[in-house]
Amino acid sequence: WSAFAPDFKELDENVEYEERESEFDLSDE
Amino acid sequence: SLPMAMRFRHLRETSKTSVGVFRSDIHGRGLFCLRDIEAGEMVIEYAGEVIRNTLTDNREKYYQSKGIGCYMFKVDDNFTVDATLKGNAARFINHSCEPNCYSRIVDILGKKHIIIFAFRRIPQGEELTYDYKFPIEDEKIHCHCLARRCRKYLN
Amino acid sequence: QVLLALHDRAPQLKVSEDRLSVTGEKGYCMIRATHCVSKGQWYYEVTIDEMPEGSATRLGWAQEYGNLQAPLGYDKFGYSWRSRKGTKFHECHGKHFSTGYGEGDVLGFLIILPEV
């Protein structure tokens, strides 16, 4: 089923998301 | 009867042969039993990307803007598992107002996991469902679970 | 004495024993001081002891309802100055303010509030 969604990644277990420095920003300078 | 941690250790492998994703009468695709599942059995972990709760609103808006269905499961006051772009087959489990499974947040060696358990004995071929327990909201989402005592709305 | 608050902060932050230093890791979150101000002119300074590569700070002034699990300047309850590029932030919008700051720098924050 994961072949139907090319951007989708199948996981065996949880992965912790690593936030970017700009994660919360709507606009930078 | 085995400790939770031991049961969980085997879950990753066993769930690959015990359940599978197929077309569902409830909605889109669903998760189905490939073999008989016993009552109380650990079925599958709802796995995905673990994110802080402050990120969920923006992610939800982003997915909606792209027309991507949002698959999130809140773990506790701090974290949510987002299975939208990274996840496993558990993301396909549909809601039912009369489910055959239930979810539990289980602490295993200091880390929390969302695990789906069987309420009762589930024969091979039956679709797995659990109660999403969405909070009540004004904007209603219709329920198509086909249960006799369907609550009509997910929220 | 004004110190870093132990109960008005994101719990994952590590506060020093003297409560004058704080260390963070992973995503942005917030800590405030034990005392707030509501009128008059107030000033405080922060020294950046360590800033490993890939790390950053957003420092400034926050109101009570500012989200502790987000960077300062995420919502309307905070105003911040970022180490990277020296950008100022409020309500998630960054604007150019100064050049960036880093390890060893001492930063000063002045607030001018009405007397009444």
Side-chain angles (χ1 to χ4, degrees), chain A, chain B residues 8-9 11-16 19-24 28-32 44-59 61-63 66-69 71-73 75 78-92 105-106 108-109 111-115:
Chain A
W1 51 266
S2 58
F4 290 110
D7 294 335
F8 182 84
K9 188 179 175 193
E10 194 172 347
L11 300 175
D12 281 338
E13 58 184 2
N14 284 341
V15 296
E16 202 179 299
Y17 176 63
E18 280 189 29
E19 293 174 21
R20 298 161 293 142
E21 192 275 324
S22 58
E23 190 71 41
F24 294 86
D25 302 336
L26 288 175
S27 62
D28 207 322
E29 56 181 71
Chain B
F8 178 75
R9 207 184 313 146
L11 184 62
R12 194 187 308 172
E13 295 311 315
T14 56
S15 62
K16 284 189 177 157
V19 295
V21 180
F22 297 93
R23 193 193 159 281
S24 164
R29 285 171 284 183
L31 197 66
F32 290 76
I44 190 170
E45 179 186 12
Y46 190 104
E49 248 184 337
V50 182
I51 61 171
R52 282 195 291 165
N53 288 348
T54 25
L55 299 184
T56 55
D57 282 351
N58 282 347
R59 278 198 172 206
K61 282 178 196 154
Y62 172 76
Y63 295 145
K66 298 287 179 188
I68 302 170
Y71 297 80
M72 288 193 195
F73 198 126
V75 175
N78 302 309
F79 295 103
T80 291
V81 170
D82 181 2
T84 305
L85 294 177
K86 289 181 186 175
N88 68 354
R91 72 204 280 281
F92 290 108
I105 309 296
V106 178
I108 299 189
L109 302 174
K111 283 193 170 172
K112 289 185 181 177
H113 298 268
I114 303 162
I115 301 179

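Every value quoted in this text rests on a predicted model; they were computed, and no experiment measured them. All chains are named by letter (A, B, ...) in the order of the sequence lines, taking the proteins before the strands, and each is independently numbered beginning at 1. We use all heavy atoms of the structure for the numbers below, so side chains are in, but hydrogens, waters and symmetry mates are not.
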(message) Only heavy atoms, only distances under 4.5 angstrom. Which residues in residues 18-29 of chain A are near chain B?
(response)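 Contacts with chain B: A:E19, A:E23, A:F24.
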What residues, two or more places apart in sequence or in another chain, satisfy side chain to side chain contact (heavy atoms under 4.5 Å, CB included) together with B:N78?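 Side chain to side chain contact (heavy atoms under 4.5 Å, CB included) check on B:N78 returns B:D76.
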Requested in this report: Output all residues satisfying side chain to side chain contact (heavy atoms under 4.5 Å, CB included) with B:F32, sequence neighbours left out; order by chain, then residue number.
Outcome: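 Once residues adjacent in sequence are excluded, the partners of B:F32 under the side chain to side chain contact (heavy atoms under 4.5 Å, CB included) criterion are B:F22, B:S24, B:E127.
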Atom NZ in B:K86, atom CD in A:E10: separation rounded to 0.5 Å?
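Reported to 0.5 Å precision, the distance equals 13.5 Å.
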Considering only heavy atoms, which portion of B:S15 lies under 4.5 Å from any heavy atom of chain A: side chain, backbone, both, or neither?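 No part of it gets close to chain A.
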Worksheet item: Which region of B:Y46, side chain (C-beta onward) or backbone (N, CA, C, O), has a non-hydrogen atom less than 4.5 Å from a non-hydrogen atom of chain A, or is it both or neither?
Response: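 When you check distances to chain A, only backbone atoms of B:Y46 fall under 4.5 Å.
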- Message: Using the rule side-chain hydrogen bond (donor to acceptor under 3.5 Å, both in side chains), only one of B:K112, B:K111, B:E45 pairs with A:N14; which is it?
- Response: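 The residue from B:K112, B:K111, B:E45 that satisfies side-chain hydrogen bond (donor to acceptor under 3.5 Å, both in side chains) with A:N14 turns out to be B:E45.
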- Query: Looking at residues at least two apart in the chain, or sitting in another chain, which of them share a ring pair (Phe, Tyr, Trp, His ring centres under 6.0 Å) with A:Y17?
  - Reply: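 Checked A:Y17 against ring pair (Phe, Tyr, Trp, His ring centres under 6.0 Å); zero matches.
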Counting C-beta onward and ignoring hydrogens, is there a side-chain heavy-atom pair between B:K16 and A:D12 closer than 4.5 Å?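 A side-chain contact under 4.5 Å exists here.
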